[in-house]
Number of protein chains: 2
Amino acid sequence: MDRPTVHDIAREAGVSLATVDRVLNARAGVRQKTIDKVNDTIARLGYVRDTSAANLARQRRYTFAFVLPEGPSQFAESIRAALRDAYSSQIADRLVLRIISVPANDPHAIVRALLSLDPRKLDGLALMVPETPQVRDALARIKQEGIAIVAMVSDLPNSPRDYFVGTDSIAAGRTAALLMGKFARKPGEILLATNSMRSRDSLERRLGFDAVMQADFPHLTVIPTIESFDDPERMEELVFGMLIRKPQLVGLYSMGSGNLSVLRALRRSTRVGEIPVIMHELTPPTRAALMANEVDAVIAQNVGHLVRSAIRVLRSLSDNLPIFEPQERLRIEIVLRENLPESG
Amino acid sequence: MDRPTVHDIAREAGVSLATVDRVLNARAGVRQKTIDKVNDTIARLGYVRDTSAANLARQRRYTFAFVLPEGPSQFAESIRAALRDAYSSQIADRLVLRIISVPANDPHAIVRALLSLDPRKLDGLALMVPETPQVRDALARIKQEGIAIVAMVSDLPNSPRDYFVGTDSIAAGRTAALLMGKFARKPGEILLATNSMRSRDSLERRLGFDAVMQADFPHLTVIPTIESFDDPERMEELVFGMLIRKPQLVGLYSMGSGNLSVLRALRRSTRVGEIPVIMHELTPPTRAALMANEVDAVIAQNVGHLVRSAIRVLRSLSDNLPIFEPQERLRIEIVLRENLPESG
DNA sequence: CCATAAATGATGTGCGTACCTCATTTCAAC
DNA sequence: GTTGAAATGAGGTACGCACATCATTTATGG
């Protein structure tokens, strides 16, 4: 038997098409009793609304805004590229995308950007920003307008987000540690570098990293994390200094952005290839470093998948459809020289 | 401006709707000159057929057959599970799936199964079978009926397939070698095991493995591959024997199926945790072995992605739509204890 | 029992496309 | 120019649903 249609529901429930329509689209003027009757029939026949026919009839458009950190971040740039890519594929069907760039470290600017969005012209919001009280409040207001909210890359656990698309940072840190432990050739110290330990991601990665190191590799010591506070020069000099002064270093883990500075320091130190190096996120520089054997492994997430997932999830949320979890679960990818994807 | 419709094309081209329809659906009775005129207008306005409206109008159904190896293969089983999963998600829209199990090593049985398919009731065919001349010929016939053909997991490079969904086996072997080289703690020999080196996959993996080993890890020697010829007991005894008699073994790589036997041999040998072990495909046993630290790494492909990709590609092929390559490119995944996906 | 409001039914149109029929025009060959 | 075939036009119905209008029925309170 074919999929039941609204006609089947009407006939089986003993009501008119108009009433079925009222129930389906939550219009007013139907007794609870009738609503129940129709819903029972829907459940009984296993009716599922034909989304494409519905979208055709109502000339639906999905308008989504993506809020991304501005500035020269390679990772954010790759997300922007993935969004452009997705836009020229089938998932762009009936889709209107708006990409909004905000200064990542200025909560007020982020809030201004969020509040400048016209809720009537918006169906969903995907954001990759740090969680602050200001952002949380702004999101609460947006949520009340009935707009779907998806956190990307970094979760917003205390905000009214509907979904999180990204990887578990603690698990990513644990993965890096396991890899580092297996790669390290002798006992010694492991150097960690990041822009700022105030960022949730860096913190969680460090947490995961330490946990595995302590449990499984007691012969390796994790020394205090180097922080650059978004200053590339500072990062390079700090890492360079450590590489030069500490022969007992047996591993280097770049936890966040700042990969470029770390790579420069590494090259200047002439310790390339001597100690295992692990970084995060697959970008042109890390890709090149993998190929050149300067970096042993990159922990990454598939940004193409990331943005497609965010779009699919926002779509489902907008239509109150179930989310197909297995497809939206982002993997922690381990990328070596030999399993580099052809691009992206 | 909104997307142009057939009406816009008709008006702009100065022809009637009926003619546009004739051109769009390649019906007879239109002069070449008119066809060109309409196509020019289509190109000029950037018209793209609204697939969902078209599917609605013609009550389209996509009927795809999946041909998979029968028998107790964990990997094939996980593909079947992924197909069932996909069936209850959005990508199942207008989809009719048929799963056909064939004895993988009996080309004639495979051909019989292929020829038993009614081409009029089929839009696409996805298969995971070894390439033989018989299969190749049968596929040629099926292809002539206008049915889209996708090779899954193992490519069919000499057959008239339209697309391949899967990973590059040589690269997978190279990845395993790179990992093994970095994991191995001392010089020595590496043991490889597979069901049969006659299989293209095993051959290619071995090729890739050897290439990287020779180039980057000269202190490691790859000894001749153990073949079980689909006999689990034989596999277990052979691997067990090697593990016992060869203390100079410093690594174990299970290239194909037969993981269960290898695991059993490993446990009996009491060399668990002593040498790095790498296997292929994420299945319940390899997953458990990862968690138990019996296996260090699993080289895998995401079967959920695999089947969704095959479905999407078959759809696009059926409708003569472009394939969005970045989304269909399957990655060679490296799975460790710490980045195990929650399921699947 | 009536008045009134609330609930429901009946019916039509449109979304963008496919597909069908029948009438009309155009073209080419003679 | 006539003729016959080929090409094109005109118009309708359908797909499954959304949305609107108006008529009719049913419940509710007095």
Side-chain angles (χ1 to χ4, degrees), chain A residues 1-42 45-62 90 92-95 123 318-321, chain B residues 1-39 41-42 45-62 90 92-95 123 315 318-321:
Chain A
M1 166 72 184
D2 269 5
R3 271 174 59 169
T5 73
V6 279
H7 291 86
D8 300 317
I9 302 302
R11 186 171 13 82
E12 287 291 316
V15 299
S16 71
L17 266 182
T19 299
V20 174
D21 178 70
R22 288 181 184 113
V23 173
L24 272 178
N25 297 292
R27 290 185 231 281
V30 188
R31 265 183 308 174
Q32 189 56 46
K33 210 174 135 192
T34 313
I35 296 183
D36 293 343
K37 187 167 59 177
V38 171
N39 281 330
D40 287 353
T41 313
I42 286 177
L45 298 195
Y47 168 81
V48 185
R49 192 197 306 241
D50 182 329
T51 317
S52 46
N55 284 345
L56 178 62
R58 63 160 62 129
Q59 304 214 75
R60 183 109 162 70
R61 294 180 160 291
Y62 297 86
Q90 273 124 313
D93 187 51
R94 298 180 191 281
L95 195 61
D123 299 301
S318 304
D319 290 340
N320 273 317
L321 288 176
Chain B
M1 164 71 185
D2 270 4
R3 272 174 59 168
T5 73
V6 278
H7 292 86
D8 299 318
I9 303 302
R11 188 170 13 82
E12 288 290 317
V15 299
S16 71
L17 267 183
T19 299
V20 174
D21 178 69
R22 289 182 184 112
V23 173
L24 273 178
N25 297 294
R27 291 184 230 283
V30 188
R31 266 182 306 172
Q32 189 56 45
K33 210 174 135 191
T34 313
I35 295 182
D36 293 342
K37 188 167 59 174
V38 171
N39 282 329
T41 313
I42 287 176
L45 298 195
Y47 168 82
V48 184
R49 191 196 306 242
D50 183 329
T51 317
S52 46
N55 284 344
L56 177 61
R58 62 159 64 127
Q59 299 205 256
R60 182 104 162 71
R61 295 182 161 290
Y62 297 86
Q90 274 123 314
D93 187 51
R94 298 179 189 283
L95 195 61
D123 300 300
R315 259 218 179 83
S318 304
D319 289 341
N320 272 318
L321 288 176

Just the rounded figure in Å: distance from [atom2] of [N] to [atom1] of [X].
X: K37(A); N: dT8(C); atom1: NZ; atom2: P; result: 8 Å
X: R3(B); N: dC15(C); atom1: CZ; atom2: P; result: 15 Å
X: D2(A); N: dC17(D); atom1: CG; atom2: P; result: 12 Å
X: R61(B); N: dC15(D); atom1: CZ; atom2: P; result: 14 Å
X: L17(A); N: dT21(D); atom1: CG; atom2: C1'; result: 15 Å
X: D50(A); N: dC15(D); atom1: CG; atom2: C1'; result: 9 Å
X: N55(B); N: dC15(C); atom1: CG; atom2: P; result: 20 Å
X: Y47(A); N: dA18(D); atom1: OH; atom2: P; result: 6 Å

Between [X] and [Y], does at least one N-O distance fall below 4.0 Å, as a salt bridge requires?
X: R49(B); Y: D319(B); answer: no
X: D8(A); Y: R11(A); answer: yes
X: R3(B); Y: D93(A); answer: yes
X: D50(B); Y: R94(A); answer: yes

Give the nucleotide from the list [options] with an atom nearest to the side chain of [X].
X: Q59(A); options: dC15(C), dT17(C), dC19(D); value: dC15(C)
X: R22(A); options: dG9(D), dC15(C), dA10(C); value: dA10(C)
X: R27(A); options: dT17(C), dC19(D), dG9(D); value: dC19(D)
X: S16(B); options: dC27(C), dT17(C), dA10(D); value: dA10(D)
X: R31(A); options: dC17(D), dA18(C), dT8(C); value: dT8(C)
X: R58(B); options: dA18(C), dT17(C), dC17(D); value: dA18(C)
X: N25(B); options: dA18(D), dT8(D), dC19(C); value: dC19(C)
X: L56(B); options: dG9(D), dC17(D), dG16(C); value: dG16(C)
X: A54(A); options: dA18(D), dG16(D), dG16(C); value: dA18(D)
X: V15(A); options: dC17(D), dG9(C), dT8(D); value: dG9(C)

With heavy atoms under 4.0 Å as the rule, sort H7(A) into base, sugar-phosphate or nothing.
-> nothing

Contact class for D21(B) vs. all strands (heavy atom < 4.0 Å): base, sugar-phosphate, or nothing?
->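 Result for D21(B) = base.
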
Between K33(B) and R49(B), which is nearer to the 5' end of DNA chain C once each is assigned its nearest nucleotide?
->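 The 5'-side residue here is R49(B).
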
For DNA chain D, whose closest nucleotide is more 5', that of A18(B) or that of V6(A)?
-> A18(B)

DNA chain D: V30(B) or L24(A), which has the more 5' nearest nucleotide?
->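 By nearest-heavy-atom nucleotide position, the 5'-most residue is V30(B).
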
Any donor and acceptor pair, going by atom type alone, linking the side chain of N25(A) with main-chain N or O of D21(A) inside 3.5 Å?
-> yes

Phosphate contact (dC15(C) OP1 or OP2) by R60(A) side-chain N/O below 4.0 Å = no

Taking OP1 and OP2 of dG9(C), is either one under 4.0 Å from a side-chain nitrogen or oxygen of T19(A)?
-> yes

Identified side chain to side chain contact (heavy atoms under 4.5 Å, CB included) counterpart of Y47(A) within the set I42(A), V38(A), N39(A), V20(A) | I42(A)

